[in-house]
Amino acid sequence: MTVEPEAAQDSSSSGLISRSHLGIEPFTLFRPESLADAAASVANGAWAHAGGIDVAQRLRHGESTESVVRLGGLEALTEISLHDGALFIGAAVTHARIESDALVLAHRPDLAATWRTIGNVRIRTAGTVGGNLMSLDTGYDSAPILAAAGASLIFLDSGGTEQRCSVADRAAGRLLVGCEVPLEGRVVYDRSLKPVASVAVGDRYAAIGCAYRNVEIIELEFDANSADGADGAHGTGGRVDLDAVRAALDSLGEPLDDANASSGYRRRVIEVLIERCVQVHAAGAPASPGHDAGQLSPGDDPQRESAAPTGQPGQARTRRGDGQVAGNAGSLDLEMQLNGSPFEAAAPVSEMLVDTIRSRAGLSATRVGCDQAVCGACTVLVDGLPTASCSTFAWQAAGRDIHTIEAANESPGVKPTGSLPAVMREVQQAFAETSAFQCGYCTPGLILTSSSLLAHHPDPDRSTIVDWLDSNVCRCTGYLMVIEAVEAAGAALRDRSDTLRVPAT
């Protein structure tokens with residue numbers, strides 16, 4: 001099904017006041033019914049939409065496209081399975097699902113650990129492997145991790161023919177079906193100095209992100225007989241020859257020289273990160289330096305099975321679109337559950353969820369801050385998970401269960417005491433009692449993120465709380481009172497036998 005571009009709108013007359021909608025060029029939305037249809041669309045220049053954050057940001061930053069093809073409805077792209085001695089991860093699998101999927105944890109727990117460091121909780125629950133890889137942006141984390149792991153990518157060309165390539169050799173204009181990762185091996189990833197550089201180290205390769213125009217890969221040379229005084233770092237096969245690493249970096253040419261860092265500084269950072277990752281790899285420490293690999297992570301949709309049946313990638317059953325129909329002038333008629341009640345609206349295909357909530361539903365406590373899915377002011381809960389409404393198209397919420405902070409203010413008699421709004425009320429009360437707010441602009445997003453955390457993980461330790469709240473920027477409180485509020489709310493909820501419990505995935 002295709003939805004044609006909407007006519008240009010005057011934002012002042014439409015009532016859309018956030019920056020999210022302004023400046024986005026109209027586009028056609030296409031929902032393919034098969035992988036072949038999707039591959040043909042991508043080959044013809046359509047942007048692939050998997051999680052959607054990348055598409056939203058590119059449009060907001062002034063890029064334009066005639067059409068966007070939505071991949072989320074194709075079940076073949078949501079598989080995690082075992083195939084031919086490798087772990088297959090579909091292109092539409094979210095980052096959060098990789099953190100917690102049973103097959104990933106059983107066969108490549110290092111991938112689960114590295115993926116916990118990607119972005120923030122909202123990006124991990126929405127962003128996908130394919131969205132990262134098909135955009136060809138070297139700053140995205142999936143590329144160096146998979147490159148260092150020796151993964152192969154599976155694409156379909158316009159004729160539906162399967163093609164394979166390495167991460168470094170991926171090209172635009174082809175539909176990514178997924179990737180195959182060897183079952184043996186271990187990857188360590190360090191993104192602590194992004195956007196200057198990021199480095200992943202596997203059993204044989206080091207992969208570098210952010211620093212060049214493509215993800216660059218160098219082969220590591222090991223010398224098991226190196227003396228302790230040699231210039232090297234401990235690796236899987238002994239010591240890595242750092243002189244050989246420097247020579248390999250020389251062959252890549254100069255790194256980028258831009259506003260983020262000079263080429264010389266980038267080069268030194270890369271050397272340091274490679275040495276650090278090699279040492280962590282050899283020590284068998286957590287797969288990301290400075291990160292607790294055993295930390296609780298946000299799960300994907302709690303109703304989703306953790307792994308699809310095994311089978312040939314790309315041959316899984318596909319399904320038809322989600323039933324949304326096109327309205328006049330490129331609008332979609334949307335139906336969703338908003339704070340427990342049915343809500344319907346007609347919205348242009350380029351409208352962001354934050355605009356639908358604020359201007360069409362009249363719920364103004366959902367704020368617009370950075371407009372980049374980073375600050376957390378726009379956070380809402382979609383099926384119980386924190387979501388950046390500034391970077392989520394309204395049509396992505398069709399048929400979903402949406403909660404905004406206003407749900408916490410309902411009368412206690414409106415909802416069962418074990419409902420999500422009840423958790424939100426408990427968290428809101430704890431925020432008030434601990435003075436975990438000042439100006440209040442960020443507070444709704446903090447309360448919603450904390451409520452989702454406690455619904456999924458009833459007894460989180462402080463590091464887990466910090467991990468989740470790292471996705472919400474607060475300029476006023478210094479965070480300590482916020483953390484204490486979450487701890488207090490968690491303790492109060494655990495004392496109640498009827499509290500909502502969403503199984504952690």
Side-chain angles (χ1 to χ4, degrees), residues 1-3 27-42 46-59 65 67-81 88-98 101 122-135 142 154 156 175-179 299-308 313-314 316-326 332 334-336 347 349-353 356 373 380 382-389 391-402 505:
M1 176 175 61
T2 302
V3 178
F27 59 85
T28 298
L29 177 64
F30 177 60
R31 295 185 183 85
E33 297 185 356
S34 68
L35 288 178
D37 289 343
S41 296
V42 172
W47 287 4
H49 179 288
I53 292 176
D54 176 75
V55 170
Q57 297 305 330
R58 291 173 66 188
L59 290 170
T65 181
S67 57
V68 170
V69 55
R70 187 182 186 186
L71 304 180
L74 298 174
E75 291 182 358
L77 304 183
T78 63
E79 282 190 26
I80 296 181
S81 59
F88 173 80
I89 301 174
V93 170
T94 64
H95 301 312
R97 189 174 166 206
I98 293 175
D101 184 85
R122 293 179 308 279
I123 288 175
R124 296 200 300 269
T125 56
T128 61
V129 175
N132 273 197
L133 293 174
M134 281 187 281
S135 70
S142 299
I154 304 171
L156 291 183
L175 173 69
L176 179 68
V177 177
C179 61
D300 199 2
D301 182 350
Q303 304 304 317
R304 183 198 293 262
E305 294 294 331
S306 63
R317 177 177 61 86
T318 61
R319 64 185 182 202
R320 296 182 64 84
D322 54 14
Q324 299 174 7
V325 295
L332 288 174
L334 307 176
E335 297 181 5
M336 64 187 74
V349 294
S350 63
E351 182 170 307
M352 295 298 166
L353 180 59
T356 303
V380 299
V382 178
D383 293 339
L385 292 172
T387 300
S389 63
S391 299
T392 301
F393 292 104
W395 43 263
Q396 292 179 257
R400 313 291 289 276
D401 192 10
I402 314 298
T505 55

- Message: Would the distance check show the side chain of Thr65 and the main-chain N or O of Ser67 forming a donor-acceptor pair, the cut-off being under 3.5 Å?
- Response: yes

- When rounded to the nearest 0.5 angstrom, what distance separates CG in Leu35 from CD in Glu75? 11.0 Å

- Item | Mutual orientation of the aromatic rings belonging to Trp395 and His49 [parallel < 30°, tilted 30-60°, perpendicular > 60°] | tilted

- Side chains of Val42 and Trp47: does their closest heavy-atom pair fall under 4.5 Å? no

- Examine distances only and state if a side-chain atom of Gln57 and a backbone atom of Asp54 form a donor-acceptor pair shorter than 3.5 Å. no

- Do Leu77 and Thr128 have side chains that get closer than 4.5 Å, going by heavy atoms? no

- Pairwise side-chain contact, Val382 with Asp401, heavy-atom cut-off 4.5 Å (strictly under): no

- Measure the shortest side-chain to side-chain distance between His95 and Asn132 over non-hydrogen atoms and say whether it is less than 4.5 angstrom. yes

- Message: Any heavy-atom pair between the side chains of Glu351 and Thr356 that's under 4.5 Å?
- Response: yes

- Note on the structure: Rounded to the nearest 0.5 angstrom, the CZ-OG distance for Phe30 and Ser41 is 4.0 Å

- Message: Looking at Thr125 and Pro386, would you say the former's side chain and the latter's main chain have a donor-acceptor pair under 3.5 Å?
- Response: yes

- Evaluation steps, side-chain contact (heavy atoms from CB on, under 4.5 Å), between Met336 and Arg400: CA-CA 5 Å; Met336 64 187 74; Arg400 313 291 289 276; 5.5 Å; no

- Query: Looking at side-chain heavy atoms only, is the closest gap between Ile98 and Ile89 below 4.5 Å?
  - Reply: yes

